[in-house]
2 protein chains.
Amino acid sequence: MAAHSSPTITTIAQAAGVSIASVSRVLNGLPVRAETERRVLDAADRLGYVPNAVARSLKSARTHQIAFAVEDIGNPVYLAMLREIQPLLKAAGYRLVLHSTGADAAEEIEVLRGLGQRYADGLIIVPIRVTREHLAELRAVEAPVVVIGSLPDDGLADNVRTDSRRGVDMALRHLTGLGRRRIGFINGPADTVPGHARSEAFRAGTARAGLAVADGTVHEGRFDRETGARAVHRMADGPAPMPDALLCANDLIALGALDALRSRGLDVPGDVAVVGMDDTDLAAVSWPPLTSVSLGSAERGALAARLLLDRLGADADLSAPRAVTVEPRLVVRASTGGAHVVDDGSAAG
Amino acid sequence: MAAHSSPTITTIAQAAGVSIASVSRVLNGLPVRAETERRVLDAADRLGYVPNAVARSLKSARTHQIAFAVEDIGNPVYLAMLREIQPLLKAAGYRLVLHSTGADAAEEIEVLRGLGQRYADGLIIVPIRVTREHLAELRAVEAPVVVIGSLPDDGLADNVRTDSRRGVDMALRHLTGLGRRRIGFINGPADTVPGHARSEAFRAGTARAGLAVADGTVHEGRFDRETGARAVHRMADGPAPMPDALLCANDLIALGALDALRSRGLDVPGDVAVVGMDDTDLAAVSWPPLTSVSLGSAERGALAARLLLDRLGADADLSAPRAVTVEPRLVVRASTGGAHVVDDGSAAG
DNA sequence: TTGTAAGCGTTATCAG
DNA sequence: CTGATAACGCTTACAA
């Protein structure tokens with residue numbers, strides 16, 4: 001069924017014998033005569049009227065949509081953000097338009113520029129890299145944008161960041177506190193925002209702690225399991241003594257490292273302690289459970305949503321961009337011996 | 001920064017000294033004099049013109065948006081679908097509007113009804129329950145809808161389903177093949193589409209295999225870890241002998257069961273073999289790695305997207321609703337002692 | 001209180 | 001080839 005094309009206020013007006021203005025008034029709760037209201041509501045109900053969101057948007061210049069752009073929504077970190085953002089937006093009456101841009105920075109630029117088409121009232125973006133082009137677009141865009149991640153220049157957009165340097169420090173301190181001195185590092189791409197920050201923090205942190213970092217115990221790859229596994233194999237096969245602890249730039253890398261360590265018969269944390277970053281759901285599920293530095297993904301998502309909604313509400317447009325920082329937190333689990341459960345003879349297999 | 005309100009074709013027309021019609025023509029690649037084209041493009045470029053998507057939509061009655069509605073996007077199953085759907089839509093020029101409805105069936109109805117507002121050209125929905133109201137709305141909705149999950153009545157909408165009964169059978173056959181006879185079952189809510197199907201399949205499958213199902217070895221809860229853990233503890237504390245195998249209605253339940261079994265000193269798979277369903281990323285990460293029945297989430301997502309895009313393209317509206325079924329697949333891992341199968345390497349990005 | 005009419009930014013028709 | 005002009009469905013002055 002559903003044969004008739006949807007009724008518009010014009011249809012309703014005719015059916016109710018009033019003008020379209022009256023229909024609009026009734027539908028928007030403006031003062032009308034009771035009789036008019038009755039007839040309009042009646043007709044609307046009878047014909048199954050539903051207001052057209054697009055027409056409304058054209059008139060009001062508000063789409064009630066907010067875009068959320070990340071590199072890969074399959075990444076648990078971004079997912080954690082999304083899970084906080086979505087309900088907040090919904091509660092505020094906004095739909096969520098999801099962009100998964102892929103590793104290509106050009107696509108992020110596209111999203112930023114696409115905002116000019118006004119299909120959304122605002123944007124929350126987690127750039128994997130921040131290029132000059134990003135900054136230029138940010139400057140040009142008219143709709144409010146919240147950037148999750150570090151921004152070289154304050155004042156360009158609302159900004160939610162995390163102190164990943166402190167996070168790395170916490171991990172290093174934890175490991176040295178356990179007596180580990182040969183700490184290896186497995187990073188994702190160093191030319192990304194998070195990759196760069198972690199790399200810097202590791203360098204600085206080990207220097208400060210007076211730790212020697214042996215050649216071949218720092219690896220760079222992608223933010224995935226394979227990178228973690230491959231790095232471990234290389235270290236084990238390399239000339240340098242195997243590290244007694246591994247700091248991994250995210251949980252996926254850490255999981256890959258755990259796999260590889262197990263396959264080489266190395267005990268975790270007995271021979272090698274492993275720390276991940278991001279404290280994703282995977283950390284609690286892995287075996288052994290993974291000590292991980294929480295960078296407050298969920299919290300950052302929520303903060304970003306709040307900043308954006310804030311700016312969209314009322315006439316807060318005049319206020320200067322705000323920057324919020326979320327403190328990292330170390331979540332200790334068995335992979336660093338934290339609360340290691342007695343191992344009931346689990347060899348691989 | 002970004003002071004001027006965005007230029008419209010009117011602005012461009014004035015700047016270029018032509019009519020808005022000519023501007024539109026140039027912008028849409030319709031034939032115009034070279035000189036006209038030059039001037040328009042020039043002005044557009046100079047003023048940084050970007051077409052307004054909303055106005056375009058009002059005129060064309062197409063939003064280039066597709067909605068995807070699930071109960072909880074944090075659920076790896078839905079996430080797997082999303083990860084397939086998103087790039088397909090993007091490639092076809094559609095934006096993705098994400099709805100995470102929560103367990104409330106009323107919210108799903110809302111989404112269905114909301115489509116009437118025409119903010120999207122189509123919808124892919126994974127209903128957690130299918131009520132009479134769902135069916136009524138489905139009948140009424142004008143935009144094309146693809147339902148992932150079983151539908152009582154063919155012909156209401158395009159439909160992508162999986163044969164979860166066969167999936168359960170495969171799991172049972174696998175377990176009995178390993179010599180297990182006391183098979184317990186931990187289900188999610190039985191009044192949901194997947195919960196009901198799995199429950200029925202378990203009953204039928206055990207009956208067919210001539211397996212006795214002891215009292216207290218079938219539990220129902222939610223589709224989460226806690227349910228799995230709690231069920232195991234109840235079974236262990238109950239009067240019936242502990243099952244030597246557990247079929248869990250999804251991977252989360254299975255992970256909870258693994259935790260509880262470990263905490264009670266029961267060996268997996270030595271004492272109890274465990275099978276999950278959905279074969280999510282978690283299955284490969286857990287310890288021991290989890291045997292799981294893949295219900296082809298990713299594949300179902302992709303199929304749904306294709307069906308919908310199909311219907312949106314050209315004038316395929318006349319064709320009758322199609323139903324596609326995805327075959328389940330048993331992925332054997334260590335939790336049933338099976339050949340510790342090599343992962344396909346697909347971890348969450 | 002109500003109706004008429006003017007937009008919102010596009011596209012598309014129809015004369016010139 | 002180009003320029004008025006009428007939609008698309010809605011909100012909102014401005015009049016009556």
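Protein chains get the first letters and strands the later ones, always in sequence-line order, with residue 1 at the start of each. Values below: every heavy atom of this structure, side chains too, minus hydrogens, waters and symmetry copies. As the structure is a prediction and not an experimental result, all values here were calculated from the model.
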Where at least one partner belongs to residues 63-79 of chain B, residue pairs that pass salt bridge (Lys or Arg N to Asp or Glu O under 4.0 Å), sequence neighbours excluded: A:Arg83-B:Asp72
Partners meeting ring-ring contact (aromatic ring centres under 6.0 Å, His included) with B:Phe223 (sequence neighbours left out): none
Rounded to whole Å, please give me the gap between [atom1] in [X] and [atom2] in [N].
{"X": "B:Asn28", "N": "C:dT10", "atom1": "CG", "atom2": "P", "answer": "10 Å"}
{"X": "B:Arg62", "N": "C:dT11", "atom1": "CZ", "atom2": "C1'", "answer": "15 Å"}
{"X": "B:Leu30", "N": "C:dC14", "atom1": "CG", "atom2": "C1'", "answer": "15 Å"}
{"X": "A:Lys59", "N": "C:dA5", "atom1": "NZ", "atom2": "P", "answer": "16 Å"}

Strand contacts (DNA chain D) in residues 47-57 of chain B, 4.0 angstrom heavy-atom criterion: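 Those residues whose heavy atoms fall under 4.0 Å from DNA chain D, taken from residues 47-57 of chain B, amount to none.
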Under 3.5 Å, which protein N or O atoms sit close to an N or O of nucleotides 1-3 of chain C? Give each pair with its distance.
| residue | atom | partner | partner atom | Å |
| --- | --- | --- | --- | --- |
| C:dT1 | O3' | A:Arg33 | N | 3.4 |
| C:dT2 | OP1 | A:Arg33 | NE | 2.8 |
| C:dT2 | OP1 | A:Arg33 | NH2 | 3.0 |
| C:dT2 | OP1 | A:Thr36 | OG1 | 2.1 |
| C:dT2 | OP2 | A:Arg33 | N | 2.8 |
| C:dT2 | OP2 | A:Thr36 | OG1 | 3.2 |
| C:dG3 | OP2 | A:Ser19 | N | 3.0 |
| C:dG3 | OP2 | A:Ser19 | OG | 3.0 |
| C:dG3 | OP2 | A:Ser22 | OG | 2.6 |
| C:dG3 | N7 | A:Arg25 | NH1 | 3.4 |
| C:dG3 | N7 | A:Arg25 | NH2 | 3.2 |
| C:dG3 | O6 | A:Arg25 | NH2 | 2.3 |

Nucleotide range of DNA chain D lying under 4.0 Å from chain A heavy atoms: D:dG9 to D:dA13
Angle by which the axis turns from one end of the helix from C:dT1-D:dA16 to C:dG16-D:dC1 to the other, five pairs per end, to 10 degrees: 50°
Polar side chain donor-acceptor pair, A:Arg118 to B:Ser6, under 3.5 angstrom: yes
Main-chain N/O of B:Arg322 paired with B:Asp158 side-chain donor or acceptor, under 3.5 Å: yes
Flag, side chain of A:Thr325 to backbone of A:Arg161, donor-acceptor distance under 3.5 Å: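 Flag not set: sc A:Thr325 to bb A:Arg161 has no pair under 3.5 Å.
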Could you pull out all residues at least two apart from [X] that satisfy salt bridge (Lys or Arg N to Asp or Glu O under 4.0 Å)?
{"X": "A:Asp104", "value": "none"}
{"X": "A:Glu110", "value": "A:Arg113"}
{"X": "A:Glu107", "value": "B:Lys90"}
{"X": "B:Arg56", "value": "none"}

Show which side-chain atoms of residues 7-33 of chain A pair as donor or acceptor with protein atoms under 3.5 Å away, not counting sequence neighbours.
| residue | atom | partner | partner atom | Å |
| --- | --- | --- | --- | --- |
| A:Thr8 | OG1 | A:Thr10 | N | 3.1 |
| A:Thr8 | OG1 | A:Thr11 | OG1 | 3.4 |
| A:Thr11 | OG1 | A:Thr8 | N | 2.8 |
| A:Thr11 | OG1 | A:Thr8 | O | 3.3 |
| A:Ser19 | OG | A:Ala21 | N | 3.4 |
| A:Ser19 | OG | A:Ser22 | N | 3.3 |
| A:Ser24 | OG | A:Asn28 | ND2 | 3.2 |
| A:Asn28 | ND2 | A:Ser24 | O | 2.8 |

Closest heavy-atom pair and its distance - A:Arg62, A:Ser57: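 That closest heavy-atom pairing would be O-OG, 3.0 Å.
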Run the side-chain donor-acceptor check on residues 40-53 of chain B: report pairs under 3.5 Å with partners two or more places apart or on a different chain.
| residue | atom | partner | partner atom | Å |
| --- | --- | --- | --- | --- |
| B:Asn52 | OD1 | B:Val54 | N | 2.7 |
| B:Asn52 | OD1 | B:Ala55 | N | 3.0 |

5'-most by nearest nucleotide on DNA chain D - A:Leu27 or B:Leu58: B:Leu58
Among A:Val160, A:Ile124, A:Val147, the one residue meeting side chain to side chain contact (heavy atoms under 4.5 Å, CB included) with A:Leu307: A:Val160
Sugar-phosphate, base or nothing in reach of B:Ser24, heavy atoms under 4.0 Å: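 Base contact.
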